[in-house]
Amino acid sequence: MKDKALEELFLANRPTFDDKDRFMEQLTHKLDAVEYLRQYEEANLRRYRYAMAVAFALGIVVGSVMLVFILSVPNDTPLIVFNTTSSILLAIEQHSRMIASTALMLLLGGGIVSIINNVLDIAQMKMSTSHNFFTAPSH
């Protein structure tokens, strides 16, 4: 019933094209608005890609520096010193090199997975954006 009512509404609407200049002006304005949105979306995707590339490079540099620091400290010197007699803190102090290495590798691994996920999201956004702008809706 609703489909029939909508169909009747569309059939009753008969646009006239008496003022061709006004129609062309409105059409041009709408096409300009669509082009502006497309360019804005492309600029956002480009900025997002650059941010991901910078984050990836920065993560590699910071991870490398931390790894060099961890490996440059002598094996018998702990990375963290608590100056206490607590057994838990002494265990952390004795195994601080392994704990720091593991934490660094987990952080770098998580960062790389996150960046790859973001790059895939960018690719998907780009595909859906180009699909939405360049395909006509099907009825």
Side-chain angles (χ1 to χ4, degrees):
M1 184 133 196
K2 288 182 182 180
D3 291 337
K4 187 71 171 166
L6 285 175
E7 184 179 341
E8 289 175 7
L9 180 66
F10 282 122
L11 290 175
N13 184 13
R14 303 259 183 218
T16 59
F17 300 106
D18 296 336
D19 192 2
K20 292 179 184 175
D21 292 333
R22 183 171 173 236
F23 173 75
M24 287 304 292
E25 181 181 321
Q26 288 176 344
L27 181 62
T28 304
H29 179 70
K30 289 178 182 178
L31 289 174
D32 289 342
V34 168
E35 180 64 22
Y36 172 78
L37 288 175
R38 186 184 64 78
Q39 289 176 357
Y40 178 78
E41 209 42 49
E42 285 178 0
N44 277 342
L45 287 173
R46 199 170 26 256
R47 278 192 293 268
Y48 198 34
R49 269 185 285 177
Y50 291 145
M52 288 300 105
V54 167
F56 184 74
L58 190 61
I60 296 294
V61 169
V62 169
S64 299
V65 167
M66 290 298 294
L67 191 60
V68 166
F69 171 72
I70 289 171
L71 294 176
S72 68
V73 175
N75 285 339
D76 58 345
T77 305
L79 294 175
I80 303 168
V81 178
F82 292 112
N83 291 330
T84 185
T85 58
S86 171
S87 62
I88 294 173
L89 293 177
L90 281 176
I92 291 173
E93 185 177 311
Q94 290 173 352
H95 301 291
S96 62
R97 177 179 297 276
M98 186 59 73
I99 292 169
S101 297
T102 303
L104 179 64
M105 293 308 142
L106 287 173
L107 184 66
L108 285 176
I112 289 172
V113 167
S114 174
I115 288 173
I116 290 171
N117 188 28
N118 288 339
V119 167
L120 292 175
D121 286 346
I122 290 170
Q124 184 179 5
M125 285 170 43
K126 188 171 184 175
M127 293 285 286
S128 69
T129 301
S130 64
H131 177 63
N132 290 342
F133 280 125
F134 298 114
T135 59
S138 60
H139 295 285

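Along the sequence shown, residues are numbered consecutively beginning with 1. Side chains are part of it too, since the values below use all heavy atoms of this structure and drop only hydrogens, waters and symmetry mates.
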Would you mind telling me which of L104, L106, I99 makes a side chain to side chain contact (heavy atoms under 4.5 Å, CB included) with T102? L106
For atom [atom1] of [X], is the number of surrounding heavy atoms from other residues, nucleotides or ligands below 6.0 Å larger than 12?
X   : atom1 : result
I88 : CD1   : no
E25 : CD    : no
M24 : CE    : no

Applying a strict under-4.5 Å side-chain criterion to I, L, V, M, F, W and Y, I'd like to know whether M105 and M98 cluster together. no
Applying a strict under-4.5 Å side-chain criterion to I, L, V, M, F, W and Y, I'd like to know whether F56 and L120 cluster together. yes
Shortest non-hydrogen pair, L89 vs F82, comes out as O-CD1, 3.4 Å
Which heavy atom of T85 sits nearest to which heavy atom of L90, and what is that distance? O-CD1, 3.9 Å
Check whether any side-chain N or O of S96 sits under 3.5 Å from a backbone N or O of E93 as a donor-acceptor pair, and report yes or no. yes
Could you check whether any side-chain N or O of S114 sits under 3.5 Å from a backbone N or O of G110, counting only pairs where one atom can act as donor and the other as acceptor? no
Nearest 0.5 Å please: distance from the CD1 atom of I112 over to the CG atom of N117. 13.5 Å
Got a salt bridge between E35 and R38, using NZ or NE/NH1/NH2 to carboxylate O under 4.0 Å? yes
